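As the structure lists them, so they are numbered: ligands from 1, and atoms in each ligand from 1. Please read all numbers here as calculations on a predicted model, not as lab measurements.
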Amino acid sequence: MTVAERTPARPRRVGVLALQGDVREHVAVLQRLGAVPVEVRSPSDVAGIEALVLPGGESTTMSMLLDSSGLSRELEEMVADGLPMLGTCAGMILLAREVVDGRPDQRSYGAIDLAVRRNGFGRQVASFETDLDVKGLDEPMHAVFIRAPLVERTGVGVEVLAEVDLPGEQGRRPVVCAEGGVIVSSFHPELAGDGRLHEQLLFNVEGD
Ligand code: GLN
């Protein structure tokens with residue numbers, strides 16, 4: 001399917017969780033795709049959004065700010081309503097069902113049935129860049145990994161869209177996953193200015 005065929009009849013309002021992290025990069029990608037990004041900092045910002053992006057940054061800080069801003073409940077509701085979401089890196093951690101090596105008070109919202117280990121790539125490969133084949137995309141995606149979450153378990157309903165090979169026993173691990181309208185990546189496509197997962201997110205918004 002071409003981009004033109006996918007372009008919705010009217011611009012989508014897409015929330016970007018803007019408590020911390022690389023909000024600006026996601027906003028820029030969404031603008032380029034013709035969507036209307038809405039920076040979400042408090043519960044009043046979520047009205048009318050049709051999808052939500054959770055950026056990379058620091059999941060423990062975002063978790064804390066979600067609680068103090070009152071957005072935690074909103075996020076729970078959006079997950080329960082099946083709102084399409086894209087989470088990158090720290091955003092992936094927030095959307096996972098289970099977080100290993102997180103802070104004890106850190107919350108995750110179970111939008112996708114994954115267990116992820118915070119900073120799980122190990123010292124040698126904590127941060128790296130690579131080109132990845134992603135299912136459904138014609139060209140490889142340049143992936144920037146920064147102290148990324150490592151997928152430890154995928155639920156039966158989870159589709160693995162891309163994997164990386166890691167040294168030793170860690171083996172091949174999922175780095176892009178989807179379930180229903182939720183897409184997550186362990187890396188930051190937004191830092192490379194790649195909008196193809198965002199495009200898929202817009203495609204996951206139903207109706208016009
Ligand atoms: N290590 C960070 C965390 O635990 C995620 C890093 C990132 O988003 N680049 O939230």
Review point. Which word best sums up how the rings of F128 and F145 line up, parallel for under 30°, tilted for 30 to 60°, or perpendicular for over 60°?
Key: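 Answer is parallel, since the angle falls under 30°.
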
In ligand 1, which numbered atoms sit nearer than 4.0 Å to a non-hydrogen atom of [X]?
| X | result |
| --- | --- |
| R147 | 1 (N), 2 (C), 5 (C), 6 (C) |
| G56 | 8 (O) |
| R118 | 3 (C), 4 (O) |
| I93 | 3 (C), 4 (O), 10 (O) |
| G57 | 2 (C), 5 (C), 6 (C), 7 (C), 8 (O), 10 (O) |
| S59 | 3 (C), 4 (O), 10 (O) |

**Study point:** Greater than 12 external heavy atoms within 6.0 Å of R32's CZ
**Key:**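 Atom CZ in R32 is packed in, count exceeds 12.
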
Review point. Does the side chain of S108 pick up a donor-acceptor pair with the side chain of R97 at under 3.5 Å?
Key: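 Result is no, nothing qualifies.
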
Check your understanding: Among side-chain atoms of T130 and H142, is any donor-acceptor pair under 3.5 angstrom?
Key ->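 No, H142 and T130 have no side-chain donor paired with an acceptor closer than 3.5 Å.
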
Practice item. Please check if the side chain of Q106 supplies one atom and the backbone of R103 the other of a donor-acceptor pair under 3.5 Å. Key: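 Yes, Q106 side chain to R103 backbone: donor-acceptor pair under 3.5 Å.
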
Exercise for review: Output yes when a side-chain donor or acceptor of E159 lies under 3.5 Å from a complementary backbone atom of E179, and no otherwise.
Suggested key: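 Not confirmed, E159 side chain does not pair with E179 backbone.
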
Check your understanding: Starting from atom 1 (N) of ligand 1, which protein heavy atom do you reach first, and at what distance in Å?
Key ->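 Checking every protein heavy atom, the shortest distance to atom 1 (N) of ligand 1 gives N119 OD1, 2.5 Å.
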
Point to revise | Nearest neighbour in protein (non-hydrogen) for atom 7 (C) of ligand 1 | key: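 For this ligand atom, the closest protein heavy atom is C89 SG, 2.7 Å.
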
Point to revise | Side chain to side chain, D22 and L191, heavy atoms closer than 4.5 Å | key: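 Answer yes - side chains close enough.
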
Practice item. May I ask whether H188 has any heavy atom positioned less than 4.0 angstrom from an atom of ligand 1? Key: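 Yes.
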
